[in-house]
Amino acid sequence: MSTYILGHTNPDSDSIIGAISLAYLKNQLAEDCIAARQGEISPETKFILEKFGGKLPLLKTSYAGEKVYIVDTTDLAILPKDILKATVLGVVDHHKLGDLTTSTPLECWIRPVGCSNTIIKEMFDFYSVKIPKELAGMMMCAILSDTVIFKSPTCTKADTKAVKELAKIASIEDYKKLGMEMFIVKSAVGDATARELTTRDYKEFDMGSHKIGVGQLEVVDLSVFDDKKEMLFEDMKKLKEQNNLHGVIILLTDIMIEGSQLLVVSDDESIIEKAFNKKLENHEMWLEGVLSRKKQIIPFLQPLF
Ligand code: MG
Ligand code: MG
Ligand code: MG
């Protein structure tokens with residue numbers, strides 16, 4: 001029986017490429033593994049797969065009775081509903097420890113670095129397994145995405161080291177240029193529906209007895225949202241009702257000037273104002289220097305709930 005490797009819902013490039021790269025490594029180690037995904041891929045991930053000829057992981061959302069490895073999260077809120085009925089053989093992640101529990105011992109690779117693929121790169125080194133050229137390119141892009149081309153406060157020396165080594169294997173000289181190309185693809189929001197945008201990189205977090213949805217859109221120029229904010233707010237309100245949330249926050253992140261415009265729909269806006277020590281104006285606030293949801297947003301909200 002094959003083991004499935006999956007990342008979180010609304011998969012980002014790290015979750016998709018992480019499933020692919022870990023499946024490759026495990027297969028080299030004679031463990032029969034299949035890369036899976038929990039949802040549609042983003043235009044950014046599509047760009048990476050096309051650039052390096054990567055295969056789209058299998059769409060699979062139910063895992064009762066299966067053996068799995070999980071990458072890029074340990075939060076039940078963004079894992080398949082029946083994940084506790086699967087046997088979790090291992091976890092590779094770079095987030096806060098979530099609420100996933102297991103009934104058997106597991107292989108655990110969790111470290112405070114910028115990207116799961118950085119840890120997977122280290123796993124390849126640990127097991128002395130060679131990374132194929134195309135796979136190296138994909139892993140490198142995943143790290144550049146998660147670390148916002150090294151600008152994110154989540155980026156560590158381990159991430160920059162991994163990118164440099166992977167770039168060498170992939171024969172890519174100007175990896176920052178490729179990173180920018182990728183973020184330009186990510187910035188194209190023209191044709192997307194409101195729901196596609198609010199949920200493109202969206203996670204729900206349990207905070208006390210409440211649930212908060214936090215989405216993020218990283219672009220190279222915030223003006224692409226000038227005529228979209230109204231539509232985003234409308235959809236955030238719908239999302240809040242549909243998922244019975246205390247609030248929905250969307251971070252419109254400008255990776256060039258390095259900061260985020262927060263759009264807020266909440267039962268209690270004062271909590272958001274308190275968390276960031278700033279007043280909302282028309283349900284919006286600008287947070288200078290904020291690029292990371294997990295490091296600069298979530299830890300400030302959690303204690304207030
Ligand atoms: Mg992720
Ligand atoms: Mg990640
Ligand atoms: Mg991200």
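Just so you know, ligand 1 is whichever comes first in the structure, and atom 1 is the first atom listed for that ligand.
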*Could you grab the angle centred on the Mg ion (ligand 1), going from OD2 in Asp72 to NE2 in His8, to 10°?*
90°
*asked:* Looking at every non-hydrogen atom in both residues, tell me the closest pair between Ile48 and Ala142 and how far apart they are.
replied: CD1-N, 4.5 Å
*Would Ser145 and Glu44 count as having a side-chain donor-acceptor pair, cut-off 3.5 Å?*
yes
*Side-chain heavy atoms under 4.5 angstrom apart, residues restricted to Ile, Leu, Val, Met, Phe, Trp, Tyr: same cluster for Ile257 and Ile184?*
no
*Is the distance from the Mg ion (ligand 1) to some N, O or S atom of Asp201 under 2.8 Å?*
no
_Assess, by modelled atom type and distance only, whether the side chains of His8 and Asp72 contain a donor and an acceptor separated by less than 3.5 Å._
yes
*Give the atom name of whichever N/O/S atom in Asp12 sits closest to the Mg ion (ligand 1).*
OD2
*the Mg ion (ligand 2) - name of the N/O/S atom of Asp146 that sits closest to it*: OD2
*Would you please say whether a donor-acceptor pair under 3.5 Å links the side chains of Thr198 and Asp235?*
yes
*Within Asp14, is some N, O or S atom less than 2.8 Å away from the Mg ion (ligand 2)?*
yes
*Please find the N/O/S atom of His94 nearest to the Mg ion (ligand 2) and write down its name.*
NE2
